[in-house]
Every structure is written in C-alpha cells, then in structure tokens.
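Note that ligands are numbered from 1 as they come in the structure, with each ligand's atoms numbered from 1 the same way. All values below come from the heavy atoms of this structure, side chains included, with hydrogens, waters and symmetry mates left out.
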Amino acid sequence: MYNSPSAVDLSKPITLRKLKNMRDQGEKITMLTCYDASFAALMDAAGVDCLLVGDSLGMVIQGNDDTLPVTIEDMIYHTRIVANIVKRAWVIADMPFGSYTSKVDAFENAKKLMQAGAKMVKVEGGEWLLPIVKFLTERGIPVCAHLGLTPQSVHQIGGYRIQAKDADDQAKLLKDAQDLEAAGATMLVLELMPSAPAQQVTDALQIPTIGIGAGNDTSGQVLVIYDIINLYPGKKARFVKNYLAGKDNISDAIADYVIEVKSGAFPGAEHSYE
Ligand code: KIV
C-alpha cells in the first residue's frame with residue numbers, strides 16, 4: 001500500500017483526532033525532528049505526519065554535548081520558523097530542561113510555544129509530571145509525554161543507556177505510561193528500550209506511542225533528521241538508518257523514510273533491541 005509518497009493523503013492538515021484514528025486503524029505515524037524552514041518544507045511535501053522541534057537542537061544545531069543548555073527562547077525561535085512553513089504536519093515543540101518544573105512555569109512556557117505555532121508540547125518524565133500534564137491539558141494544551149531514555153535526565157540516568165530492561169523497570173514504565181494517559185497526555189514517545197516493553201505499553205494505551213530505538217510495535221516512529229541523512233558525526237546508534245545512502249537528494253531520503261515507516265519495513269530487527 002505505502003510504496004510511494006503519493007499514497008500519503010496530503011490534502012488535509014493533520015489533527016489530534018486524525019493521529020488517534022491512524023493509531024486505531026493501524027496506520028503507522030511518521031515523525032522527524034525539524035528545526036528550520038528548508039527541512040520543514042521538504043518534510044511537509046513528503047507527507048511526514050508530525051514534525052518535532054526537538055531540544056536535540058542543542059546538540060545537532062548548537063553543538064552542545066547534551067540538551068540541557070537549550071532555553072525556552074531557543075525553542076520559541078525554532079518553533080516559529082517551522083510552524084510558519086508547515087501546512088499539513090502536526091508540529092510538536094519540546095519544552096526544554098527546567099522549563100516545566102512547576103504548574104505555573106509549565107503553563108507560561110507552553111503558552112509561548114503554542115503562540116509560536118506549536119500544536120502540542122512534549123515533556124520528559126513519569127510520576128512527578130502527572131499534575132503538570134493534567135494542568136496543561138485541562139487548559140487546552142495538548143501534551144506528548146516521553147518515557148524510557150529521557151535525555152534531559154542523562155546525568156541522573158548515567159548516560160545514554162537502554163532503559164526498561166528488567167521486570168521492575170518495565171512495570172514502572174507501564175504504570176507511568178498509563179498514569180500519563182489518565183492525566184491527559186494524548187501521545188507518548190518511547191525512547192531506547194527493548195521492543196517487548198514498548199509493545200506492552202502500546203497495547204495497554206489508547207493514545208499513539210511513537211518509538212525511537214523502541215522496536216517496530218509502537219504506533220509510529222521518530223528519528224532525528226540529521227541522523228537519517230548521515231549528517232551527524234560520530235558513532236551511529238543501532239536504531240538509526242541512513243536514508244540518503246544510494247540517493248542524491250534529501251527529499252528522496254525523507255520520502256523513503258515515510259514509505260518504510262508506513263509499510264512497517266522500518267525499524268527492522270537490526271535497528272531494535274531485545
Ligand atoms: O529532542 C528530540 O529530538 C527528541 C527525540 C529524540 C524524540 O526528543
């Protein structure tokens with residue numbers, strides 16, 4: 001079915017309802033990180049469903065070692081640029097480190113991202129976040145939660161390590177996911193974990209799950225754009241695929257990513273953890 005970009009319906013803007021329908025009907029959701037106007041235009045034309053203005057920009061744009069130095073002003077700047085270009089994709093903005101530790105700060109900062117054009121904000125964490133997710137969603141701000149490897153806590157976690165490997169951690173992951181959904185989250189990113197716990201969470205929830213290094217059983221996939229065009233130096237993570245290989249332009253690489261996620265070809269076992 002999804003063997004060409006033209007199989008994606010480009011005629012109507014993506015909504016939260018549409019994303020939920022895609023999840024319910026088993027249509028895989030495609031997401032890429034996006035930080036600027038040129039990539040936003042290419043991704044929108046290729047039918048990428050969701051563009052994540054990720055705080056990974058702290059690493060791939062700003063050259064920092066992690067996402068912690070990214071400020072709310074940085075996120076507003078990049079969100080506005082991306083949202084101004086996009087006609088179809090659902091634009092999600094990361095709330096940066098330290099910008100959502102109280103309900104009031106979370107609302108004030110989320111408001112700025114929504115006013116810059118985001119349709120949803122993303123926050124990292126489990127139990128401690130429940131009142132904040134409830135506070136934001138009750139005030140009309142759609143929230144994407146993020147569990148597993150949460151890069152803003154990298155120093156607490158002790159590095160970029162695979163999460164949810166044992167039964168206790170998997171039970172905690174499932175409980176956090178269910179509680180976040182009950183608190184009002186309408187999407188959940190699952191990062192860097194074996195396929196089985198990601199599948200268990202996906203099956204237990206009614207909202208879409210989006211995996212990165214979390215196997216092929218989530219409702220959709222996200223990757224950092226620079227990783228799929230081989231632009232980020234250093235050792236590649238197992239879950240990354242270079243879609244530019246064998247192609248001579250970035251549009252074709254993005255289109256191939258959309259086809260492979262929609263068809264279920266990506267991620268394969270070679271990109272997943274057991
Ligand atoms: O900032 C980001 O790029 C992210 C993805 C890794 C999901 O949060």
Can a salt bridge be assigned to the pair [X] and [Y] using a cut-off of 4.0 Å between side-chain N and carboxylate O?
X: K28; Y: D217; value: no
X: K172; Y: D176; value: yes
X: K87; Y: D44; value: no
X: E108; Y: K112; value: no

Which of the numbered atoms in ligand 1 are below 4.0 angstrom from a heavy atom of [X]?
X: G54; value: 1 (O), 2 (C)
X: S56; value: 1 (O), 2 (C), 3 (O)
X: T33; value: 3 (O)

Practice task
Going by heavy-atom distance to atom 6 (C) of ligand 1, choose the closest among M59, E191, M31.
Solution key: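 Ranked by closest heavy atom to atom 6 (C) of ligand 1, first place is E191.
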Handout entry: D55, any N or O under 3.5 Å of ligand 1 N or O
Key = yes
Problem - Check: F39 ring centre within less than 6.0 Å of Y226 ring centre - result: yes
Exercise for the section: Return yes when atom CD of E127 has more than 12 non-hydrogen atoms of other residues, nucleotides or ligands closer than 6.0 Å, and no otherwise. Expected result: no
Problem - salt bridge (charged side-chain N to carboxylate O under 4.0 Å, His left out), paired with D49, selected from R88, R23, K119 - result: R88
Exercise for the section: Write out the residue and atom name of the closest protein heavy atom to atom 5 (C) of ligand 1, then the distance separating them to 0.1 Å. Expected result: L52 CD2, 3.8 Å
Problem - Identity and distance of the protein heavy atom lying nearest atom 8 (O) of ligand 1 - result: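 Checked against all protein heavy atoms, atom 8 (O) of ligand 1 sits closest to K122 NZ, 2.8 Å.
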Exercise for the section: Could you see which bit of D94 sits under 4.0 Å from ligand 1, with heavy atoms only: side chain, backbone, both or neither? Expected result: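 Within the 4.0 Å criterion, D94 contacts ligand 1 through side-chain atoms alone.
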Problem - Sub-4.0 Å heavy-atom approach of H146 to ligand 1 - result: yes
